[in-house]
Protein chains: 2
Amino acid sequence: MPLEIRPSQALRLWRQVHLDLVRDGQADLSARQTAILLTIYLELPPHTVRGLAQQLGVTKPVITRALDSMGKLGLVSRKRDDFDRRNVVIQRTVVGALAVEKLADLVTERARELGGT
Amino acid sequence: MPLEIRPSQALRLWRQVHLDLVRDGQADLSARQTAILLTIYLELPPHTVRGLAQQLGVTKPVITRALDSMGKLGLVSRKRDDFDRRNVVIQRTVVGALAVEKLADLVTERARELGGT
DNA sequence: CCCGATCGTTACGGGTCCGTATCATTATTG
DNA sequence: CAATAATGATACGGACCCGTAACGATCGGG
């Protein structure tokens, strides 16, 4: 069940959502942080620093720092894995779930407003 | 002719495109820069620093710096307005047009791959 | 038990971006 | 022609992020 969208529609959607994010001051998240956040909330747990680093094709410190800043915003939280205390399990939060849901609504709404071009 | 997309589809599309951008190292553009670039290439010229600042709801130095960095990447160029030499007209470039087109194809392709959920 | 491997974090030097305030240049108005 | 307004650029201090290289903590095999 593919989603049909024309290149010009894709661009207008992309622009409008980014405009909304910038105007709302909500743009605190970089592209990397966005990818990390959505991976945590869309993919099946458990999520680890190493796993995320591999999926994104970046180094581990990038993930650690992103989790630091997103943790400050309350978007995610971390917990030691009791079965292997070297691991850290990244957990979802209520705040993060709300932010993701809000983004979903934003994209959906802007897509609905797309005209025929 | 609205574009029908479910919130879960929107999120998966958003995640997948961001993943691609991060993995390609193409993520040099912040959310603000993306909004600026797409505004320049989608909206009718002429574009000025002040006009872009108003549209994005940011200060003028933000636009100036974004144009600096995007100019280094060849994505846009600047030219003095001969009719009002206080103004600077932002112009499109071949490199920028190609980058925008590439982004459009990426979003379109990832949308096409979206499954039913 | 000990040594190597693995995990996440931290340190460091460098780069980029931000917001505020200020500047030089040009246009407009009285 | 002088004074004011408007435009874009710049200076500055601070914050954030990057990549590489190290580090401490923990696990597992011999």
Side-chain angles (χ1 to χ4, degrees), chain A residues 18-19 21-40 45-92, chain B residues 18-19 21-40 45-92:
Chain A
H18 279 270
L19 271 181
L21 291 176
V22 169
R23 285 202 268 241
D24 290 10
Q26 198 81 9
D28 292 38
L29 295 192
S30 66
R32 286 177 168 183
Q33 291 173 331
T34 301
I36 293 173
L37 184 72
L38 291 183
T39 296
I40 294 171
H47 295 290
T48 65
V49 172
R50 177 152 190 87
L52 289 172
Q54 282 178 336
Q55 283 193 62
L56 297 212
V58 298
T59 58
K60 287 187 294 176
V62 169
I63 305 295
T64 293
R65 283 186 294 250
L67 293 179
D68 286 343
S69 51
M70 292 196 290
K72 272 187 213 164
L73 299 173
L75 297 175
V76 297
S77 72
R78 277 182 279 197
K79 188 171 80 72
R80 278 283 163 193
D81 182 353
D82 284 328
F83 296 96
D84 185 342
R85 299 193 54 76
R86 289 174 302 181
N87 288 349
V88 163
V89 196
I90 291 103
Q91 297 176 309
R92 304 169 185 172
Chain B
H18 276 87
L19 271 180
L21 292 175
V22 169
R23 285 202 267 242
D24 291 10
Q26 197 80 10
D28 292 38
L29 295 192
S30 67
R32 286 178 168 182
Q33 291 173 330
T34 301
I36 294 172
L37 184 72
L38 291 183
T39 297
I40 294 171
H47 296 289
T48 65
V49 172
R50 175 152 193 86
L52 289 173
Q54 282 177 336
Q55 283 193 63
L56 297 211
V58 298
T59 58
K60 286 189 294 176
V62 168
I63 304 295
T64 294
R65 282 186 296 249
L67 293 179
D68 287 343
S69 50
M70 292 196 290
K72 273 187 213 166
L73 299 173
L75 298 174
V76 298
S77 72
R78 278 182 277 198
K79 188 172 78 77
R80 279 282 163 193
D81 182 353
D82 284 328
F83 296 96
D84 185 341
R85 300 193 52 77
R86 291 174 301 181
N87 288 350
V88 163
V89 194
I90 292 102
Q91 297 176 308
R92 305 170 185 172

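Everything numeric here is computed off the predicted structure, so don't read it as measured data. Each chain gets a letter, A, B and so on, in the order its sequence line appears, and its residues count up from 1.
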Footprint string (nucleotides 12-19 of chain C, 5' to 3'): B base within contact, S backbone only, - free, heavy atoms under 4.0 Å: -----SBB
Scoring nucleotides 22-30 of chain C by protein non-hydrogen atoms under 4.0 Å (B base, S sugar-phosphate only, - none) yields ----BS---
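In this view, B:V89 and B:P46, B:D81 satisfy the side chain to side chain contact (heavy atoms under 4.5 Å, CB included) rule, not counting sequence neighbours. In terms of the side chain to side chain contact (heavy atoms under 4.5 Å, CB included) criterion, residue partners of A:Q54 (sequence neighbours excluded) are, by chain and number, A:R50. Annotation: salt bridge (Lys or Arg N to Asp or Glu O under 4.0 Å) contacts of B:R80 (sequence neighbours excluded): none. Qualifying salt bridge (Lys or Arg N to Asp or Glu O under 4.0 Å) partners for A:R78, counting only residues two or more places apart in sequence or in other chains: A:D68. Shown here are the side chain to side chain contact (heavy atoms under 4.5 Å, CB included) partners of B:A66, two or more places apart in sequence or in another chain: B:Q33, B:I36, B:M70. When the salt bridge (Lys or Arg N to Asp or Glu O under 4.0 Å) test is applied to B:R85, the partners found at least two apart in sequence or on another chain are B:D82. A search for salt bridge (Lys or Arg N to Asp or Glu O under 4.0 Å) contacts involving B:D84 returns B:R86, not counting sequence neighbours.
Between A:D68 atom CG and C:dT9 atom C1' the separation is 9 Å, expressed in whole Å. What separates CG of A:N87 from P of C:dA5 is a distance of 18 Å, to the nearest Å. One atom, CZ of A:R50, and another, P of D:dC27, lie 17 Å apart when rounded to the nearest Å. When the P atom of C:dT10 is taken as reference, atom CG of A:L67 falls 12 Å away, rounded to whole Å. The nearest whole Å value for the distance from the NZ atom in A:K60 to the P atom in D:dA21 is 14 Å. Atom CD of B:Q91 is separated from atom P of D:dG8 by 14 Å (rounded to the nearest Å). In this structure, NE2 of B:H47 is placed 17 Å from C1' of D:dG8, rounded to the nearest angstrom.
The shortest distance between side-chain heavy atoms of B:L67 and B:V88 does not fall below 4.5 Å. The shortest side-chain heavy-atom distance between B:T34 and A:V22 does not fall under the 4.5 Å cut-off.
OP1 or OP2 of C:dT9 lies within a sub-4.0 Å distance of a side-chain N or O belonging to A:T64.
Between C:dT9, D:dG8, D:dA9, one nucleotide has an atom nearer to the side chain of B:R78 than all others, and that is D:dA9.
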